[in-house]
Amino acid sequence: MEHIDGLYRTALRLTRNPADAEDLVQETYLRAFRFRDRFQPGSNLRAWLFKILSNAAISRFRHVSHETGDTSLDDMGEFDLYAHVVDPGGSLGESAENTALNSILDVDVRRALEELPEPFRLAVILSDVEGFSYKEIADMLDIPLGTVMSRLFRGRRILRNKLDEYARSPVQPSEGKGS
Amino acid sequence: MNCREVLVRLDQFVDRELNPEEVREVQQHLDDCPPCQHMYRYEARVRRLVRHACSELAPASLRARILHKQD
């Protein structure tokens, strides 16, 4: 079970709680075991396990929420998306931005990720955390390469905006501190 | 490549999804353009933050439960 840690943290981000994450990982392994005949020896076992996890997660989302798709977002051309890229000649607030990141905590990053809408969250996790290639993610989620790229682009933009927001907002000492 | 062409490829550059020729061109531009270099560093830094924040390990009890179920 050398891939269990990656599967578990992906499941954690997707389900947002440890008990559901454990269920999802367990379901993934049980499905993999049941359908092991479908695995082609020599192909990428890790990618196959993540594909099973993604499918299981997506079918859960469809049951519990209305986040059923992102067609309208996927329909946006890549050119439209990239048109939002910051003008490099503009004022970047360089040092301010980098300094702001210094105050970001792991818990903020995890919260920001978990707040991303589902299709973006999954793509960003698979790429940024687990390091899968665009092609692997496209195969895993059965979506075109361009859709992977647009989901990553959109997801990362939302993520950065949230991180920026957290970095600018003052620490809330009362939050979560019961005694 | 100009700034716009580089920024459009920045995600792919960080993700190592460009072909060697494009990598060379983007790298060349970054070497000479501090604002784009800043964007690149920012992107790379956020990637590291995200990866670092998500480094949980699966509980031993989960491993045990799965192994048990597969018996």
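Order of the sequence lines sets the chain letters (A, B, ...), proteins ahead of strands, with each chain counted from 1.
At a 4.5 Å heavy-atom cutoff, the contact between Leu12(A) and chain B is made by side-chain atoms alone. Contact annotation for Leu105(A): neither backbone nor side-chain heavy atoms come within less than 4.5 Å of a heavy atom of chain B. With a 4.5 Å cut-off on non-hydrogen atoms, Glu56(B) touches chain A through its backbone and its side chain both. Arg63(B) touches chain A through backbone and side chain together, each having a heavy atom under 4.5 Å away.
If you tally non-hydrogen atom pairs under 4.5 Å between each of Val14(B), Leu49(B), Leu10(B), Asp15(B) and chain A, the highest count goes to Asp15(B). In terms of heavy-atom pairs under 4.5 angstrom with chain B, the leader among Leu113(A), Val25(A), Val107(A), Val124(A) is Val25(A).
Aromatic ring orientation, Phe132(A) versus Phe50(A): perpendicular (interplanar angle above 60°, classes split at 30° and 60°).
The closest side-chain donor-acceptor pair between Ser127(A) and Arg156(A) falls under 3.5 angstrom.
In this structure, the side chains of Gln27(B) and Phe13(B) come closer than 4.5 Å at one or more pairs of heavy atoms.
Ionic pairing of Arg9(A) and Glu130(A) is present here: one or more N-O contacts between side-chain nitrogen and carboxylate oxygen are shorter than 4.0 angstrom.
The backbone N or O of Arg121(A) sits nowhere less than 3.5 Å from a side-chain atom of Arg13(A) that would complete a donor-acceptor pair.
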